[in-house]
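This report concerns only the one structure given below.
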There are 2 protein chains.
Amino acid sequence: MSEGEVKMKSAARHDRVRQQHSDELAEDYVEAIADLLTKSGQARVIDLQGIFGVSHVSVIRALKRIEERKLIHKTVEGSWRLTETGEAMAKASSERHELVLNFLQALGVSDLQAQVDAEGMEHHLSSETLSSMRRYLDQNQ
Amino acid sequence: MSEGEVKMKSAARHDRVRQQHSDELAEDYVEAIADLLTKSGQARVIDLQGIFGVSHVSVIRALKRIEERKLIHKTVEGSWRLTETGEAMAKASSERHELVLNFLQALGVSDLQAQVDAEGMEHHLSSETLSSMRRYLDQNQ
DNA sequence: CTGTCGATGTAGCATGGGCTACATCTAGAT
DNA sequence: ATCTAGATGTAGCCCATGCTACATCGACAG
Ligand SMILES: [Mn+2]
Ligand SMILES: [Mn+2]
Ligand SMILES: [Mn+2]
Ligand SMILES: [Mn+2]
């Protein structure tokens with residue numbers, strides 16, 4: 001492997017991380033919205049403000065960007081809903097989140113710390129790594 | 001645990017992820033600089049441009065921000081060096097990177113994919129999770 | 001009814017981190 | 001000696017994501 005090839009791979013790696021970061025907010029938002037809808041039937045700005053710990057302004061603008069990506073839309077009553085695409089992303093995100101959380105716990109990480117670490121990690125895992133985590137969980141009950 | 005406490009923890013979790021993201025660039029840069037210095041004795045803008053796959057302008061500005069954090073400084077010959085703090089961060093980052101990479105490989109992830117996933121994950125792991133990974137590696141040789 | 005307050009929205013600002021285009025400077029080739 | 005190309009730096013733009021301050025609007029208490 002030449003010097004040039006090594007550099008290429010390194011650049012591609014960092015490129016992928018930047019892409020993951022630009023997807024991260026949408027993934028967390030649709031997951032949170034799905035969760036709110038299940039638990040309380042509505043997902044309002046103020047609920048999301050509480051979940052993410054940012055100002056209501058930041059929430060509103062994030063929602064607008066995510067709406068432009070056709071993942072969510074606002075009902076006349078003022079609650080937010082998921083489109084079909086959004087629903088699919090929410091389901092995938094939340095299953096992935098759950099898997100990562102369970103994996104960390106199975107590895108021996110405390111519940112609280114596993115929850116914290118999963119929140120950041122989850123956006124950087126390939127399907128191959130997720131499969132390996134699933135396999136580990138299966139092999140350890 | 002009350003509704004409010006759950007919200008608080010969720011907000012704190014996301015807060016931590018945002019903090020990790022704001023540290024991420026510095027961690028990767030000092031690691032890359034240390035690596036370049038070891039391998040070739042110099043760390044120039046163009047080397048980092050190749051590693052991260054961004055324009056030289058982005059590299060220059062990143063370096064300036066990291067310099068303001070007293071992690072690096074520029075020599076008269078135009079190469080970049082690490083301060084003591086930077087050296088410490090580079091050492092910690094690179095050990096952590098290596099650990100995460102080895103852990104993923106031990107878990108059964110292919111070398112190439114492990115390298116990609118480690119690049120993003122590494123910045124989101126608590127010392128508790130890193131310890132669990134070390135333990136796993138020890139128990140599996 | 002009216003006043004107040006909570007939720008939402010807008011205006012305007014900052015910072016981080018991307019980019020292209022253009023300027024400069026130096027070293028090496030001719 | 002001069003010309004050129006590579007490395008570096010600057011100017012100025014973009015977008016995402018945070019913020020405060022201010023405006024609106026609707027529901028409910030009095
Ligand atoms: Mn997350
Ligand atoms: Mn990340
Ligand atoms: Mn790294
Ligand atoms: Mn990294």
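Heavy-atom basis, side chains included; hydrogens, waters and symmetry copies ignored. By convention in this document, chain letters (A, B, ...) are assigned in the order of the sequence lines, proteins followed by strands, and residues within each chain are numbered from 1.
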Sequence neighbours left out, what pairs pass ring pair (Phe, Tyr, Trp, His ring centres under 6.0 Å) with at least one residue falling in residues 63-102 of chain A?
none
Rounded off to whole Å, could you give me the CD-to-C1' distance for the B:Gln42 and D:dG6 pair?
13 Å
Salt bridge (Lys or Arg N to Asp or Glu O under 4.0 Å) pairs touching residues 21-32 of chain B, sequence neighbours excluded, are B:Asp23-B:Arg69, B:Glu27-B:Arg96
Which pairs with one or both residues in residues 106-126 of chain B pass ring pair (Phe, Tyr, Trp, His ring centres under 6.0 Å), sequence neighbours excluded?
A:His124-B:His124, B:His21-B:His124
Specify the separation, in whole Å, of atom CG of A:Asp23 and atom C1' of D:dA16.
13 Å
Footprint string (nucleotides 4-18 of chain C, 5' to 3'): B base within contact, S backbone only, - free, heavy atoms under 4.0 Å
---SBBBBB---SBB
Residue list, ring-ring contact (aromatic ring centres under 6.0 Å, His included) with A:His14, at least two apart or on another chain
B:Phe52
Using side-chain contact (heavy atoms from CB on, under 4.5 Å) as the criterion, list what pairs up with A:Ser110, not counting sequence neighbours.
A:Gln113, B:Glu128
